[in-house]
**Student:** 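Structure in structure tokens, see below.
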Amino acid sequence: MSELVIQEGYIPGLLGRIVELHGKYYSANWGFGLFFESKVARELSEFLDRYDERRDGLWIGAANGRIEGSIIIDGQEAQTRGAHLRWFIVSDAYRLQGLGNRLIRQAMDFCTARDYKRVYLWTFDGLWPARHLYEKMGFQLVRQYHGRQWGTEVNEQYFELQNPE
């Protein structure tokens, strides 16, 4: 396997590759379909259209120029609702090799440097490796309920981190 590098900011092909990683992983492991992949593409496109490096963070893990993971901090509402951690994923080839840990650390360091008082994320029950990383960073499960925001009924979970360090 090639050495992974963490890159910050936009690179060509980022949109398509992040959507592909999400579409393939969630289809194979959770049965999510077109609704979910389309939602990821639409919402990520909307984010990239308003991306502002002063308030938003975007990191990818790449090997040989190929994106193998991503994490994004959407800071649009950081001063009111909090910064939103989004599109955190690692490819099958690099899962459980430390890339997720490196990416989430970059995102939390960014939030600390911006003095964001709250960071939140939405996920669902069953994504144990990601949940382990969230809790390791200090995120706490605030609420959960059965919902369909991703097109399939899951036990949705809202995690929050106060005063990231």
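Every heavy atom of this structure was used, including side-chain atoms; hydrogens, water molecules and symmetry mates were not.
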**Student:** Do you know the tightest heavy-atom contact between Val119 and Cys111?
**Tutor:** CG2-SG, 3.7 Å

**Student:** Sequence neighbours left out, what passes ring pair (Phe, Tyr, Trp, His ring centres under 6.0 Å) with Phe47? Give chain and number order.
**Tutor:** Tyr51, Trp87

**Student:** Show the numbers, then the answer: is there a side chain to side chain contact (heavy atoms under 4.5 Å, CB included) between Lys117 and Gln79?
**Tutor:** CA-CA 8 Å; Lys117 302 296 185 203; Gln79 302 308 320; over 6 Å; no

**Student:** Can you tell me how far apart CG (Leu121) and CD1 (Ile71) are? Round to the nearest 0.5 Å.
**Tutor:** 9.0 Å

**Student:** Using the side chain to side chain contact (heavy atoms under 4.5 Å, CB included) rule, take Leu14 and Leu58 through it: C-alpha gap first, then chi angles, then the decisive distance, then the call.
**Tutor:** CA-CA 10 Å; Leu14 176 140; Leu58 188 162; 3.3 Å; yes

**Student:** Locate the shortest heavy-atom distance separating Asp56 from Gly75; write the atom from each residue and the value.
**Tutor:** OD1-N, 2.7 Å

**Student:** Just jot down the side-chain contact (heavy atoms from CB on, under 4.5 Å) partners of Glu8, sequence neighbours excluded, or say none.
**Tutor:** Trp59

**Student:** Do you know which two heavy atoms are closest between Leu15 and Ser45, and how far apart they sit?
**Tutor:** CD2-OG, 3.5 Å

**Student:** Between Asp74 and Arg50, is the closest basic N to carboxylate O distance under 4.0 Å?
**Tutor:** yes

**Student:** What heavy-atom pair brings Leu96 and Pro129 nearest, and what distance separates the two atoms?
**Tutor:** CD2-CB, 4.5 Å

**Student:** Does Glu43, at its CD atom, have more than 12 non-hydrogen atoms belonging to other residues, nucleotides or ligands within less than 6.0 Å?
**Tutor:** yes

**Student:** Are the side chains of Leu161 and Leu85 in touch, meaning some heavy atoms are under 4.5 Å apart?
**Tutor:** no

**Student:** How far does CD1 of Ile60 sit from CG of Leu99, to the nearest 0.5 angstrom?
**Tutor:** 9.5 Å

**Student:** Kindly say whether Tyr145 contributes a backbone atom to a donor-acceptor pair with the side chain of Tyr158 at under 3.5 angstrom?
**Tutor:** no

**Student:** So, for Phe88 and Gly100, which heavy atoms are closest and what is the spacing to 0.1 Å?
**Tutor:** CZ-O, 3.5 Å

**Student:** Decide yes or no on side chain to side chain contact (heavy atoms under 4.5 Å, CB included) for Ile73 and Met108, but give the supporting numbers first.
**Tutor:** CA-CA 9 Å; Ile73 294 293; Met108 294 304 95; 4.2 Å; yes

**Student:** Could you measure the distance from the CG atom of Asp125 to the CD atom of Gln144? Nearest 0.5 Å is fine.
**Tutor:** 6.5 Å

**Student:** Report the C-alpha separation of Tyr116 and Arg55 in whole Å, then their side-chain angles, then the decisive distance to 0.1 Å, and conclude whether the side chain to side chain contact (heavy atoms under 4.5 Å, CB included) test is met.
**Tutor:** CA-CA 10 Å; Tyr116 291 161; Arg55 69 158 192 247; 3.5 Å; yes

**Student:** What distance separates Ile67 CD1 from Glu20 CD, expressed to the nearest 0.5 Å?
**Tutor:** 10.0 Å

**Student:** If I compare all heavy atoms of Arg118 with all of Arg81, which pair ends up nearest, and what's the gap?
**Tutor:** NH1-O, 3.1 Å

**Student:** Would you mind checking if Arg143 and Glu156 are paired as a salt bridge, meaning a charged N to carboxylate O distance below 4.0 Å?
**Tutor:** no

**Student:** Tell me whether the rings of Phe124 and Trp30 are parallel (<30°), tilted (30 to 60°) or perpendicular (>60°).
**Tutor:** perpendicular

**Student:** Students often mix this up, so state it plainly: with edges at 30° and 60°, are the rings of Phe32 and Phe36 parallel, tilted or perpendicular?
**Tutor:** perpendicular

**Student:** Any non-hydrogen side-chain atom of Asp52 less than 4.5 Å from a side-chain atom of Gln76?
**Tutor:** no

**Student:** Show me the donor-acceptor pairs, under 3.5 Å and distance only, between side chains in residues 133-142 and residues at least two apart or in other chains.
**Tutor:**
residue, atom, partner, partner atom, Å
Glu135, OE2, Arg131, NE, 2.9
Glu135, OE2, Arg131, NH2, 3.2
Lys136, NZ, Asn101, OD1, 3.4

**Student:** Phe110 and Val5: same hydrophobic cluster, using ILVMFWY side-chain contacts below 4.5 Å?
**Tutor:** no

**Student:** Hey, does Glu68 have a side-chain heavy atom less than 4.5 Å from the side chain of Leu4?
**Tutor:** yes

**Student:** To the nearest 0.5 Å, what is the distance between CD1 on Ile72 and CG on Leu44?
**Tutor:** 5.0 Å

**Student:** Say whether, by atom type as modelled, one donor and one acceptor occur between the side chain of His132 and the main chain of Trp128 under 3.5 angstrom.
**Tutor:** no

